[in-house]
Chemist: 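I have a structure here, written as structure tokens, and I will follow up with some questions on it.
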Amino acid sequence: HGYQVTPVLDDLATKSVIFPNFYAHGQRSLEGLQSVLTGVPTLVGQPTVGNGLNANYSQLGKMTRENGYSQLFVSSMPRRSFRVDSIAGGTGFETYYGKEDIPVILGYEEDHIMGWDYDSLMFMGKKINELSQPFISYIFPSTDHTPYPKLPDRFLKYPHHETEEGGYLNTLHYTDWAIGEFLAFAREQPWFENTIFVITGDHVIAHYQRNDFLEKYRVPLILYAPKILQPKVMPVVGSHLDLVPTFVDMLDLDCRYTALGESLFSKKESVAFVKNG
């Protein structure tokens, strides 16, 4: 609470299932995307999802579609940035939108190559309303990625800088507000009470961390579903590689899958596999 830039997430954490011992699989966005969407780690010297990986790996979009779910994948960045368009297709998501598809609805002083999280979240909310039920929707927001943009004054808690900590904290404050606005919209929709919202980070920003091994990987994991999940703190050690089994468990999917992890709700070994470098 010391930075005072995440009031929405701080409040949400008191109403959710949270995992204080949860870790990113790697130190890059691609590693986070692949592990969350497939349960398969990125390996040195091996192709990655969206860039040559053609093994029979688990695909979250495909698994849910085969269980009757419609899918939506939104990235705040340009469509081909980080090859996210290929990653979406390579994990079975049939509908994909990027920055070029998302109208700007909030006043900004400049364009931002990484896109705007508020506009992307609200765009996703409207697109969810067009989906048949049940649905799975994945969003990759990126405003709080360098270079940090100059935001409207109401979001500036610290001196702005394109690459230093003040710029990050300001964009984090903006993204926190954007998540709150999206959830306020969602609470008015008929699908809210039957939806599980999952919030995590793809990786840690290493520049601002102490030289502590665990802190190079520790990221939030928040499961928010006030009509489905009772708030509690789960101390089990887990990583992104545990999320595919957790989703299969929570949604009771009828599927075969392979993942280097276990459901966080029935995990027997308290371990997280991570990739250094």
Side-chain angles (χ1 to χ4, degrees), residues 19 22-65 69 71-102 113-115 117 120-121 123-124 136-146 175 179 197-206 216-223 238-248 257-261 264 272-277:
F19 297 80
F22 190 76
Y23 300 92
H25 158 55
Q27 297 173 311
R28 297 289 184 272
S29 295
L30 175 60
E31 294 163 342
L33 284 161
Q34 177 166 319
S35 53
V36 169
L37 294 167
T38 70
V40 176
T42 58
L43 301 173
V44 176
Q46 297 300 311
T48 56
V49 63
N51 193 24
L53 182 66
N54 56 10
N56 185 22
Y57 58 93
S58 304
Q59 303 173 28
L60 184 60
K62 180 180 179 183
M63 292 157 56
T64 50
R65 183 172 67 252
Y69 285 70
Q71 312 100 11
L72 173 66
F73 195 120
V74 175
S75 171
S76 71
M77 299 185 299
R79 294 189 199 103
R80 290 195 54 77
S81 291
F82 292 8
R83 298 182 64 87
V84 177
D85 57 340
S86 297
I87 292 170
T91 53
F93 285 81
E94 295 183 322
T95 304
Y96 171 76
Y97 296 99
K99 179 184 175 185
E100 299 91 332
D101 307 301
I102 300 170
I113 186 62
M114 308 305 288
D117 292 350
S120 302
L121 282 158
F123 174 84
M124 180 179 73
I136 180 169
S137 182
Y138 184 98
I139 186 166
F140 186 45
S142 302
T143 300
D144 57 355
H145 190 291
T146 50
T175 295
I179 291 170
F197 299 86
V198 181
I199 301 173
T200 189
D202 52 353
H203 62 85
V204 168
I205 298 185
K216 291 180 180 178
Y217 296 93
R218 192 191 306 273
V219 292
L221 178 62
I222 298 172
L223 307 183
S239 82
H240 286 149
L241 296 169
D242 295 310
L243 288 182
V244 163
T246 302
F247 298 152
V248 171
Y257 71 93
T258 300
L260 192 65
L264 292 166
F273 290 100
V274 300
K275 174 185 172 185
N276 188 33

Chemist: Taking atom CG of Leu30 and atom CD1 of Ile87, what is their separation to the nearest 0.5 Å?
Modeler: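 Spacing of CG (Leu30) from CD1 (Ile87) equals 5.0 Å.
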
Chemist: Just verifying a value: how many Å separate Phe19 CZ and Leu221 CG, rounded to the nearest 0.5 Å?
Modeler: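 Phe19 CZ to Leu221 CG: 5.5 Å, rounded to 0.5 Å.
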
Chemist: Nearest 0.5 Å, what's the NZ-OG distance between Lys99 and Ser75?
Modeler: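 If we round to the nearest 0.5 Å, Lys99:NZ and Ser75:OG are 10.5 Å apart.
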
Chemist: When you measure from the side chain of Ser239 to the backbone N and O of Ala24, does any donor-acceptor pair fall under 3.5 Å?
Modeler: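 Not at all, since once roles are kept as given, no pair shorter than 3.5 Å links the two residues.
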
Chemist: State, to 0.1 Å, how close His25 and Phe273 come at their nearest heavy-atom pair, and which atoms those are.
Modeler: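 In terms of heavy atoms, the two residues are closest at ND1-O, 3.8 Å.
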
Chemist: Kindly give the heavy-atom pair with the smallest separation between Thr64 and Gly61, and that separation in Å.
Modeler: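 Residues Thr64 and Gly61, closest heavy atoms: OG1-O, 3.0 Å.
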
Chemist: Of all the heavy-atom pairs spanning Ser58 and Met63, show the shortest one and how long it is.
Modeler: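 So the two residues come closest at CB-SD, 3.9 Å.
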
Chemist: What distance do Phe140 atom CZ and Asp117 atom CG have between them, rounded to the nearest 0.5 Å?
Modeler: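 It is 10.0 Å, given to the nearest 0.5 Å.
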
Chemist: Where is the tightest heavy-atom contact between Val274 and Tyr23, given as atom of each residue plus distance?
Modeler: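 Residues Val274 and Tyr23, closest heavy atoms: CG1-CB, 4.3 Å.
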
Chemist: Is there a donor-acceptor pair closer than 3.5 Å between any side-chain N or O of His240 and the backbone N or O of Glu31?
Modeler: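 Between the backbone of Glu31 and the side chain of His240 there is no qualifying donor-acceptor contact (under 3.5 Å).
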
Chemist: Under the criterion side chain to side chain contact (heavy atoms under 4.5 Å, CB included), I'd like the reasoning laid out for Thr258 against Tyr57: C-alpha separation, chi angles, the key distance, then a yes or no.
Modeler: CA-CA 7 Å; Thr258 300; Tyr57 58 93; over 6 Å; no

Chemist: Answer yes or no: is there a donor N or O on one side and an acceptor on the other, between the side chain of Gln27 and the main chain of Lys216, under 3.5 Å?
Modeler: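 No: the side chain of Gln27 does not pair with the backbone of Lys216.
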
Chemist: Are the side chain of Gln34 and the backbone of Pro41 linked by a donor-acceptor contact shorter than 3.5 Å?
Modeler: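 Present.
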
Chemist: Ser76 side chain to Met114 main-chain N or O, any donor-acceptor pair under 3.5 Å?
Modeler: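 Such a contact is found between Ser76 side chain and Met114 backbone.
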
Chemist: Tell me the closest heavy-atom pair linking Val36 and Leu243, and the distance in Å.
Modeler: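 Scanning both residues, the minimum pair turns out to be CG2-CD1, 3.9 Å.
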
Chemist: Do Tyr138 and Leu33 pass the side chain to side chain contact (heavy atoms under 4.5 Å, CB included) test, and can you show the C-alpha distance, the side-chain angles, and the key distance before you say yes or no?
Modeler: CA-CA 10 Å; Tyr138 184 98; Leu33 284 161; 3.3 Å; yes

Chemist: Considering non-hydrogen atoms only, spot the tightest contact between Met77 and Val84 and give its length.
Modeler: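 That closest heavy-atom pairing would be CE-CG2, 4.1 Å.
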
Chemist: Kindly indicate, with the supporting measurements, whether the criterion side chain to side chain contact (heavy atoms under 4.5 Å, CB included) is fulfilled by Val40 and Leu260.
Modeler: CA-CA 6 Å; Val40 176; Leu260 192 65; over 6 Å; no

Chemist: Indicate whether any N or O donor in one side chain lies under 3.5 Å from an N or O acceptor in the other, for Asp101 and Tyr96.
Modeler: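 Result is no, nothing qualifies.
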
Chemist: Using a 3.5 Å distance criterion without hydrogens, assess whether the side chain of Thr246 forms a donor-acceptor pair with backbone atoms of Leu264.
Modeler: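 Side chain of Thr246 to backbone of Leu264: a pair is present.
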
Chemist: Run the side chain to side chain contact (heavy atoms under 4.5 Å, CB included) test on Val49 and Gln59 for me, step by step, so that the C-alpha distance in whole Å, both residues' side-chain angles and the decisive distance to 0.1 Å come before the verdict.
Modeler: CA-CA 10 Å; Val49 63; Gln59 303 173 28; over 6 Å; no

